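Keep in mind the model is a prediction, meaning the values are calculated, not measured.
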Amino acid sequence: AARVYHERLITLGDGPESPLRYLYDRGFTWKTIRDGQFGYCPSHSDLLQVAAELMSVPREALLDAGVLRPKRSGHGEYETFYCRITLTDRDFSFRVVHLIGRKFPGDNLPEEAPKYLSLPDWPKPLYGFASLPYKGRGPVMIVEAPLDMLTLRQWGYDAVAVAGAEMKGQHAQRLRDLERPLVIIPNNDRAGLEGAERWREAIMAGQRLLLLRLPEDVGGQPVK
């Protein structure tokens with residue numbers, strides 16, 4: 001799925017209203033897009049079904065992975081990340097283990113549709129944790145949105161994204177085990193600040209844990 005959507009993103013080109021142009025306008029370089037295997041799933045897509053048939057991948061495998069979902073009518077399926085830019089999360093062996101879809105402003109998803117969508121029925125990952133440098137010394141930034149995390153990575157900072165996951169148990173323990181300074185950068189709204197407080201309570205890293213409040217006029221976006 002990651003490979004199919006990445007190829008679709010590239011073949012659509014970087015026209016004025018394309019998802020690739022949207023990523024460029026957000027400051028991402030071609031290297032970041034390529035290395036991160038950013039992708040795009042258009043509306044009414046059957047890309048996965050066609051690719052799976054060519055590669056002899058059973059339809060049930062797509063349903064089990066959550067990238068394909070049965071329609072409520074009971075007739076046929078739809079692709080989970082339609083009208084979304086797709087982002088990959090990888091394990092320590094660099095295998096894709098999770099996909100996250102980011103709402104693409106150029107499509108007509110309902111306004112109430114979530115900005116980010118994870119694979120249904122799968123535990124939400126601490127996005128980007130496995131790709132942190134093993135022997136890093138500097139601080140690790142903790143943000144909510146995967147695109148914000150990838151922006152920070154491109155600027156040279158180590159970062160992870162909570163991506164809607166509850167910061168408790170295994171996630172909090174992994175961050176404590178890093179033995180590195182942790183910097184929480186919440187979205188600059190009430191929900192973001194309340195979420196940051198929950199992260200701080202879950203991690204409980206003492207003086208190694210800092211909270212970075214963004215200026216009021218940046219709309220919750222990271223500041224370089």
Side-chain angles (χ1 to χ4, degrees), residues 2 6 9 19-39 84-92 94 96-105 115-118 124-167 171-172 174-189 191-200 202-203 205 208-224:
H6 179 66
L9 175 75
L20 188 56
R21 174 50 53 190
Y22 169 77
L23 292 169
Y24 283 150
D25 288 346
R26 284 197 60 145
F28 290 107
T29 65
W30 165 244
K31 184 179 186 303
T32 297
I33 294 168
R34 180 198 63 200
D35 293 352
Q37 207 172 24
F38 288 50
R84 291 179 181 272
I85 291 169
T86 57
L87 309 168
T88 61
D89 192 41
R90 299 171 184 270
D91 65 10
F92 294 98
F94 208 62
V96 176
V97 293
H98 204 95
L99 284 177
I100 294 176
R102 202 282 186 192
K103 197 179 196 179
F104 174 51
K115 182 179 290 187
Y116 284 93
L117 187 67
S118 296
K124 292 181 179 180
L126 187 59
Y127 187 78
F129 181 83
S131 57
L132 286 173
Y134 182 68
K135 293 185 178 180
R137 288 188 174 182
V140 175
M141 312 295 182
I142 305 171
V143 296
E144 170 68 25
L147 280 185
D148 291 345
M149 183 275 282
L150 291 164
T151 298
L152 287 167
R153 289 278 185 96
Q154 186 171 270
W155 290 344
Y157 297 101
D158 290 340
V160 296
V162 178
E166 286 294 323
M167 179 62 75
H171 292 334
R174 284 180 169 180
L175 289 169
R176 285 195 294 268
D177 289 346
L178 288 174
E179 296 185 355
R180 296 172 61 181
L182 304 174
V183 180
I184 296 174
I185 310 177
N187 288 345
N188 210 2
D189 54 28
L193 295 174
E194 290 176 351
E197 190 57 38
R198 291 195 299 271
W199 304 349
R200 179 158 54 180
I203 297 169
R208 294 190 302 109
L209 181 62
L210 302 175
L211 179 66
L212 177 61
R213 288 287 301 271
L214 298 176
E216 292 293 336
D217 59 349
V218 298
Q221 298 298 320
V223 180
K224 189 171 182 179

For the residue pair Val183 and Val140, establish whether any side-chain heavy-atom pair is separated by less than 4.5 Å.
no
Please assess Tyr116 against Leu147 for the test side-chain contact (heavy atoms from CB on, under 4.5 Å), listing each intermediate value before the final yes or no.
CA-CA 10 Å; Tyr116 284 93; Leu147 280 185; 3.3 Å; yes
In sequence, state the C-alpha distance, the side-chain angles, and the governing distance for Leu175 and Leu126, and then conclude on side-chain contact (heavy atoms from CB on, under 4.5 Å).
CA-CA 10 Å; Leu175 289 169; Leu126 187 59; 3.9 Å; yes
How many angstroms lie between atom CG of Asp158 and atom CG of Leu152, to the nearest 0.5 angstrom?
10.0 Å
Any idea which heavy atoms bring Ala163 and Ser118 closest together, and the distance?
O-OG, 4.2 Å
Distance in Å, Met141 CE paired with Ile184 CD1, rounded so as to fall on 0.5 Å steps:
12.0 Å
In short, Leu9 meets Leu20 closest at the heavy-atom pair CD1-N, 3.7 Å
Take Ile33 and Tyr24 through the side-chain contact (heavy atoms from CB on, under 4.5 Å) test and state the conclusion after the steps.
CA-CA 9 Å; Ile33 294 168; Tyr24 283 150; 3.7 Å; yes
Give the minimum heavy-atom separation between Leu99 and Ala2, together with the two atoms involved.
CD2-CB, 4.1 Å
Look at the side chain of His6 and the backbone N and O of Phe38, then say whether any donor-acceptor pair between them is shorter than 3.5 Å.
yes
So, taking the atom named CG in Asp148 and the one named CD1 in Ile142, what distance separates them when rounded to the nearest 0.5 Å?
14.0 Å
For Ser131, what residues pass the side chain to side chain donor-acceptor pair (under 3.5 Å) criterion, not counting sequence neighbours?
Arg153
Within-4.5 Å side-chain heavy-atom neighbours: Leu182 and Pro139:
no
Which residues pass the side chain to side chain donor-acceptor pair (under 3.5 Å) test with Asp35, sequence neighbours left out?
Lys31
Count the heavy atoms of every other residue, nucleotide or ligand shown that sit under 6.0 Å from CD of Glu179, and state whether that count exceeds 12.
no
Donor on one side chain, acceptor on other, Gln154 and Thr32, under 3.5 Å
yes
Test: Arg26 cationic atom under 6.0 Å from Phe28 six-membered ring centre, within 45° of axis:
no
Assess whether side-chain contact (heavy atoms from CB on, under 4.5 Å) is satisfied between Arg90 and Gln37, documenting all intermediate values.
CA-CA 11 Å; Arg90 299 171 184 270; Gln37 207 172 24; 2.6 Å; yes
Does any N or O in the side chain of Tyr127 come within less than 3.5 Å of the main-chain N or O of Thr88, such that one atom is a donor and the other an acceptor?
yes
Heavy atoms only: give me the nearest Pro186-Ala196 pair and the separation to one decimal.
CB-CB, 3.6 Å
Rounded at 0.5 Å granularity, tell me how far NE2 in His98 sits from NZ in Lys124.
8.5 Å
Taken to the nearest 0.5 Å, the spacing of Trp155 CH2 from Leu150 CG works out to 12.0 Å
With side chains defined as the heavy atoms from C-beta onward, is the minimum distance between Thr86 and Ile100 less than 4.5 Å?
no
I need the Phe129 CZ to Asp89 CG distance, nearest 0.5 Å.
11.0 Å
Is there a side-chain contact between Arg102 and Arg84, using heavy atoms and a 4.5 Å cut-off?
no
Minimal non-hydrogen separation, Gly138 against Pro181, with atom names:
O-CD, 4.1 Å
